[in-house]
Asker: 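Here it is, the structure, as structure tokens.
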Amino acid sequence: MTLTPAASARPVRARFCPSPTGTPHVGLARTALFNWAFARHHRGTLVFRIEDTDAARDSEESYAALLDAMTWLGLDWDEGPGVGGPHAPYRQSQRGEIYREVAAELLAVGHLYESYSTTDDVTARSLASGRNPQLGYDNHDRTPDPVLIEAAIAAGRKPVLRLRVPDRDITFDDLVRGPITFPAGSVPDPVLVRGTGEPLYTLVNPVDDALMGITHVLRGEDLLPSTPRQIALYEALIAIGRAEVVPQFGHLPFVTGEGNRKLSKRDPQANLFQYRDDGFIPEGMVNYLALLGWSIAEDRDIFTPAELVAAFDGRRISGNPARFDRRKALAINGTHLRMLAPEDFADRLAGYLVQRGVLAADADGEQRALLQAAAPLVQERSALLSEAAEMVRFLFTADDEFAIDPAAAAKVLTPASRRVLEAAVAAVEGVPEFTALTLEPAMKAALIDGLGLKSKVAFGPVRAAVTGRTISPPLYESLELLGRDSTLCRLRSALQGLSS
RNA sequence: GCCCCCAUCGUCUAGUGGCCUAGGACGCUGCCCUUUCAAGGCGGUAACACGGGUUCGAAUCCCGUUGGGGGUACCA
């Protein structure tokens, strides 16, 4: 039972503290999002800290990717890399001195103690006493063992520093799961400092949270079992005046993949940037991510980041693991794409096209205008920017580089298409003005009335010949945007393809 | 082994003792609209893991079982 002041009563200081290893994954993004939304909702502070204490696995590249991910999602932070803050530095690799000091203070008053036992020592003792060796460390070194110490020193072994965990039940009130109790004796004294003097995550993470005045810790469920020992550390820190409160913990459910397994960094569908590359927009991603373990209301699941912040008080977080469902993510993203103002959508599509090399970064005004005109035609029919891009691609491809998708050709461009295309050429040549308005009656007269075809049969070949695909923006508008010359060129070229 | 968490349609969820004949969304599906693909409109499909309690009354509370997940490092 902690008698310390309630962290929940203080101004919110939340944090997001990833390790820079690998590529940011969706579970990580979800955790960042929840902490951000929680901090923003309570008009608190979001601290962004980099836990780069594992030199072997951390990389600058991953560090940069982390910032990139946060920025893309629109999650801003008040203290941390790039913005500094009163508790700088915010990279653990630069805080070694602080950890050494704190460890020394804790050691001096006995909250930490030197431990010389090796794993083999623990196992041997357990076997001898009939204790289950799978229980882990036996707290044997709480009272110094002269024999052990002498042997270790003779062997040149340095002691690790362990935390003395109180011999009582440890209970805390989890923000998402309610009261949780770990029985006395189920939490062995953890190692906080290596024999080499290097601090471990077990020390560094709570120490930084304490020093940085963190009041709320929203993190993955995998860290739930480590909470009691962290609380024990907090209490020691409070005792020596280094911390003021034990934060309120909230353990978020896992984000799982196809099985029921937690999504791992290895899993391709876990890669956040893959979604960006596929054409998800931040609003859609944020909305879907928020739905993984949270709900805004009974009959609603579409909301903007601002609406998320307004509603996110932390009370509706679920404890159930959530499976990442790409199809639902797609549907949500499509809805957000449609919610965009037309100009905004066109701008984002332009950016995407440039990035994919379909549109030149320095595209001229004519091309930009063409895109502005085409964008509204595809905004309603895409769930992803990539789908929209594929639909307008034909407009930005030169006639001599234009090629019909083989699958589309095989499907709708058959020998029987010849007379359809010929009639289309004649109709296109015949219209006085080349606009969707004039094309519609002309094409219908030529193909449907003239050839007696069903519209589906009539327009398939034309669509494929001109756009290269069986799926495209509305046909007449597509033709108009393409222009009469290119349209005729492509129709004739398709005719040629039929004869060869 | 030990400790912890979780358990409602295929999936994400709403539900905090009577409003539940269990609501929404995605998916799937029927119809309408329609030049393709979408979008949109109107329908349909489909769930409280099991067993005991408590209660006038349980998806909701308690216990147990089963199932799933996580943790158990001188990783983070």
Side-chain angles (χ1 to χ4, degrees), chain A residues 17-21 51-54 56-58 92 115 118-119 132-137 157-162 174 176-177 180-183 185-188 190-202 204-205 220-228 251 253-254 256 259-262 288 291-302 316 318-332 334-335 338 377-383 387 391 408 412 440 443-444 447-448 453-460 462-464 467 469-476 478:
Chain A
C17 50
S19 297
T21 61
E51 308 224 325
D52 51 352
T53 53
D54 186 351
R57 297 195 308 163
D58 299 329
Q92 291 186 330
S115 172
T118 62
T119 307
N132 183 351
Q134 291 184 114
L135 258 28
Y137 173 63
R157 256 198 351 260
K158 302 275 197 185
V160 299
L161 262 32
R162 288 185 189 269
D174 194 275
V176 345
R177 292 155 209 279
I180 298 174
T181 300
F182 286 77
S186 66
V187 184
V191 174
L192 302 197
V193 180
R194 279 191 169 121
T196 59
E198 289 169 284
L200 260 14
Y201 166 81
T202 45
V204 147
N205 176 277
E221 186 188 346
D222 50 335
L223 292 169
L224 206 163
S226 69
T227 306
H251 290 93
F254 285 124
T256 69
N260 287 325
R261 301 248 159 202
K262 174 187 166 194
Y288 183 67
L291 254 16
L292 261 19
W294 183 75
S295 58
I296 191 165
E298 183 164 344
D299 292 347
R300 185 179 173 202
D301 60 8
I302 298 292
R316 292 176 71 91
S318 150
N320 298 16
R323 181 174 301 186
F324 192 98
D325 179 0
R326 184 180 170 90
R327 287 196 292 189
K328 178 143 185 178
L330 240 28
I332 301 262
T335 303
R338 270 170 257 127
L377 300 179
V378 295
Q379 181 168 10
E380 226 179 41
R381 21 179 52 84
S382 322
E387 290 174 10
M391 277 192 267
V412 295
E440 177 164 359
M443 294 286 271
K444 279 184 172 165
L447 304 185
I448 296 177
L453 296 174
K454 285 190 172 175
S455 51
K456 193 163 183 169
V457 183
F459 297 113
V462 178
R463 183 185 307 282
T467 70
R469 315 173 76 226
T470 53
I471 300 169
S472 81
L475 187 61
Y476 311 120
S478 295

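Just so it is clear, the model here is predicted, and its values are computed rather than measured. We name chains A, B, ... by the order of the sequence lines, and we start the count at 1 in each one.
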Asker: Give one of base, sugar-phosphate or nothing for A:V191, where a contact means two heavy atoms less than 4.0 Å apart.
Answerer: sugar-phosphate
Asker: Could you check whether A:L475 gets within reach of a base, just the sugar-phosphate, or nothing at all, counting any heavy atom under 4.0 Å?
Answerer: base
Asker: Nearest whole Å is fine: how far is B:A25 P from A:L330 CG?
Answerer: 18 Å
Asker: Is A:R57 close enough to B:C75 that one of its side-chain N or O atoms is under 4.0 Å from OP1 or OP2 there?
Answerer: no
Asker: Not counting sequence neighbours, which residues clear side chain to side chain contact (heavy atoms under 4.5 Å, CB included) with A:P253? List them please.
Answerer: A:R30, A:R177, A:I317
Asker: Below the 4.0 Å mark, does B:C37 have OP1 or OP2 next to a side-chain nitrogen or oxygen of A:R463?
Answerer: no
Asker: Taking OP1 and OP2 of B:A14, is either one under 4.0 Å from a side-chain nitrogen or oxygen of A:R300?
Answerer: no
Asker: If you find the nucleotide of RNA chain B closest to A:V193 and the one closest to A:R338, which residue's nucleotide is nearer the 5' end?
Answerer: A:R338
Asker: Applying ring-ring contact (aromatic ring centres under 6.0 Å, His included), can you list everything that pairs with A:Y137, at least two apart in sequence or on another chain?
Answerer: none
Asker: Who are the salt bridge (Lys or Arg N to Asp or Glu O under 4.0 Å) partners of A:D325, not counting sequence neighbours?
Answerer: none
Asker: Residues in side-chain hydrogen bond (donor to acceptor under 3.5 Å, both in side chains) with A:T202, at least two apart?
Answerer: none
Asker: Which residues pass the side-chain hydrogen bond (donor to acceptor under 3.5 Å, both in side chains) test with A:D58, not counting sequence neighbours?
Answerer: none
Asker: Need one value for A:S472: base, sugar-phosphate or nothing, where a base atom within 4.0 Å counts as base even if backbone is also close, heavy atoms only.
Answerer: base
Asker: For A:R316, which contact category applies under a 4.0 Å heavy-atom criterion: base, sugar-phosphate, or nothing?
Answerer: sugar-phosphate
Asker: Describe the nucleic acid contact of A:P183 in one word from base, sugar-phosphate, nothing, applying a heavy-atom distance below 4.0 Å.
Answerer: sugar-phosphate
Asker: Identify whether any heavy atom of A:P474 sits under 4.0 Å from a base atom; if not, whether one sits that close to sugar-phosphate; answer base, sugar-phosphate or nothing.
Answerer: base
Asker: Can you check the distance between B:U8 and B:A49, where both ends of the measurement are the C1' atom (answer in whole Å)?
Answerer: 10 Å
Asker: Measure the distance from CG on A:L291 to P on B:C12 and round it to the nearest whole Å.
Answerer: 11 Å
Asker: Would you list the protein and nucleotides 59-63 of chain B atom pairs, both N or O, that sit under 3.5 Å from each other?
Answerer:
none

Asker: Backbone N or O of A:R194 within a donor-acceptor pair of the A:E198 side chain at under 3.5 Å?
Answerer: no
Asker: Would you classify A:G334 as touching base, sugar-phosphate or nothing, given that sugar-phosphate means primed atoms plus P, OP1 and OP2, and contacts are heavy atoms under 4.0 Å?
Answerer: nothing
Asker: Report which part of the nucleic acid A:S19 touches: base, sugar-phosphate, or nothing (heavy-atom distance under 4.0 Å, all strands).
Answerer: sugar-phosphate
Asker: Using the test side chain to side chain contact (heavy atoms under 4.5 Å, CB included), find all partners of A:N132 that sit at least two apart in sequence or belong to another chain.
Answerer: A:Q134, A:L135
Asker: Rounding to a whole Å, what distance do you find between A:E298:CD and B:C19:C1'?
Answerer: 11 Å
Asker: Output all residues satisfying side chain to side chain contact (heavy atoms under 4.5 Å, CB included) with A:K262, sequence neighbours left out; order by chain, then residue number.
Answerer: A:D222, A:F254
Asker: Does B:C28 have a Watson-Crick or wobble mate here (both distances under 3.5 Å), and if so which one?
Answerer: B:G44
Asker: Between the base of B:U36 and the side chain of A:R469, is there a donor and acceptor pair under 3.5 angstrom?
Answerer: no
Asker: What is the nucleic acid contact for A:T53, judged by heavy atoms within less than 4.0 Å: base, sugar-phosphate only, or nothing?
Answerer: sugar-phosphate
Asker: Rounded to the Å, how far apart are A:R381 CZ and B:A39 P?
Answerer: 10 Å
Asker: According to side-chain hydrogen bond (donor to acceptor under 3.5 Å, both in side chains), who are the partners of A:S115, at least two apart in sequence or on a separate chain?
Answerer: A:D141, A:R162
Asker: Which atom pairs link the protein and nucleotides 44-49 of chain B when you take only N or O atoms and keep those under 3.5 Å?
Answerer:
none

Asker: With a 4.0 Å limit, can you tell me whether A:S186 has a side-chain N or O closer than that to the phosphate oxygens OP1/OP2 of B:C2?
Answerer: no
Asker: Between N or O atoms, less than 3.5 Å apart, protein on one side and nucleotides 5-11 of chain B on the other: list the pairs.
Answerer:
unit_1	atom_1	unit_2	atom_2	d
B:C5	O2'	A:R177	NH1	2.3
B:C5	O2'	A:E221	OE2	3.2
B:C6	O3'	A:N320	OD1	2.9
B:A7	OP1	A:N320	OD1	3.1
B:U8	OP2	A:N320	ND2	3.3

Asker: By side chain to side chain contact (heavy atoms under 4.5 Å, CB included), which residues pair with A:S186, not counting sequence neighbours?
Answerer: A:F182, A:P183
